> 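I have a structure I would like to understand better, so I am pasting it below and will then ask my questions one at a time.
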Amino acid sequence: MLQARHIMTTQVITISPQASVSDLANLLKTERISGVPVLDDAGKLVGVATQSDLIDRAKKFELPHVISVLDAHIFLETPGHFKKKLEKLLASSVIDIMSTETVTISPDLPMDEIASLMAQKKVHTLPVMEDNKLVGIIGKIDIVRALAS
């Protein structure tokens with residue numbers, strides 16, 4: 001059975017958390033990829049930035065819904081969630097829009113488990129880590145390529 005090490009891309013394109021959102025968009029467009037690992041100055045994985053993060057930033061901003069009862073106003077969204085959406089909208093750096101709860105995999109993970117993980121966690125860019133070091137990346141297209149061959 002194919003494992004992550006057999007289908008991963010080993011020439012990993014990365015970006016810095018301090019890079020601009022515009023730089024991220026240009027990198028994804030130029031390299032024709034859907035996401036990149038975000039590495040700090042020490043080379044440590046600190047997140048993943050994807051096309052979805054850019055789309056979330058570009059979508060229409062909606063104020064939280066409110067129910068008014070007498071003179072009381074009840075917000076149907078937590079202040080923390082509203083703040084996070086607002087910060088993403090106003091973001092200028094990758095660190096402001098990237099996902100920090102990164103799902104990573106090992107090189108030995110079988111392809112069927114990779115596909116299941118992508119579906120369950122709703123992620124499409126998985127950094128492959130070995131001994132706390134980034135050794136590859138797997139995107140949806142890598143699974144498709146493996147299935148086609």
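If you read the sequence from its start, that first residue is 1, and numbering goes on from there. None of the values given here were measured: they were computed from a predicted structure.
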> Could you tell me whether the side chain of Asp23 and the main chain of Ala19 form a donor-acceptor pair under 3.5 Å?
no
> Taking all non-hydrogen atoms of both residues, which atom of Thr102 and which atom of Gly47 are closest, and how far apart?
OG1-CA, 3.2 Å
> Can you tell if the side chain of Val21 reaches within under 4.5 Å of the side chain of Ser93, non-hydrogen atoms only?
no
> Would you say Met8 and Ile105 make side-chain contact, with heavy atoms under 4.5 Å?
no
> At what distance, to the nearest 0.5 angstrom, does OG of Ser20 lie from CD1 of Ile15?
7.0 Å
> So do Val48 and Val38 actually touch side chain to side chain, heavy atoms under 4.5 Å?
no
> Drop me the distance from Thr50's OG1 to Asp53's CG, to the nearest 0.5 angstrom.
3.5 Å
> Could you tell me the separation between the CG atom of Leu45 and the CG atom of Leu39, rounded to the nearest 0.5 Å?
6.0 Å
> Roughly how far, to the nearest 0.5 Å, is OG of Ser106 from CD1 of Ile114?
8.5 Å
> Which heavy atom of Met1 sits nearest a heavy atom of Pro110, and at what distance?
SD-CB, 3.8 Å
> Nearest 0.5 angstrom please: Met118 CE to Glu113 CD, how far?
13.5 Å
> Side-chain heavy atoms nearer than 4.5 Å, only ILVMFWY residues, links allowed to pass through others: does that put Leu2 and Leu109 together?
yes
> So, taking the atom named CG in Asp112 and the one named CG in Leu117, what distance separates them when rounded to the nearest 0.5 Å?
11.5 Å
> Is Val103 reachable from Met111 through a run of hydrophobic residues whose side-chain heavy atoms are each under 4.5 Å from the next?
yes
> Side-chain atoms of residues 123-131: list all donor-acceptor pairs with protein atoms under 3.5 Å, sequence neighbours left out, distances to 0.1 Å.
none

> Please check if Ile13 and Met98 belong to a single hydrophobic cluster, counting links between Ile, Leu, Val, Met, Phe, Trp and Tyr side chain heavy atoms closer than 4.5 Å.
yes
> Would you mind telling me which of Leu24, Leu27, Val46 makes a side chain to side chain contact (heavy atoms under 4.5 Å, CB included) with Val94?
Leu24
> Would the distance check show the side chain of Asp142 and the main-chain N or O of Gly139 forming a donor-acceptor pair, the cut-off being under 3.5 Å?
yes
> Tell me whether Ser99 contacts the main-chain N or O of Glu101 through its side chain, where contact means a donor paired with an acceptor under 3.5 Å.
no
> Nearest heavy-atom pair of Ile33 and Gln51: which atoms, and what distance?
O-NE2, 3.4 Å
> Under 4.5 Å between any side-chain heavy atoms of Thr10 and Val135, yes or no?
no
> State whether the side chain of Ser149 and the backbone N or O of Ala146 hold a donor-acceptor pair below 3.5 Å, judged by distance alone.
yes
> Taking all non-hydrogen atoms of both residues, which atom of Ala115 and which atom of Ile143 are closest, and how far apart?
N-CD1, 4.5 Å
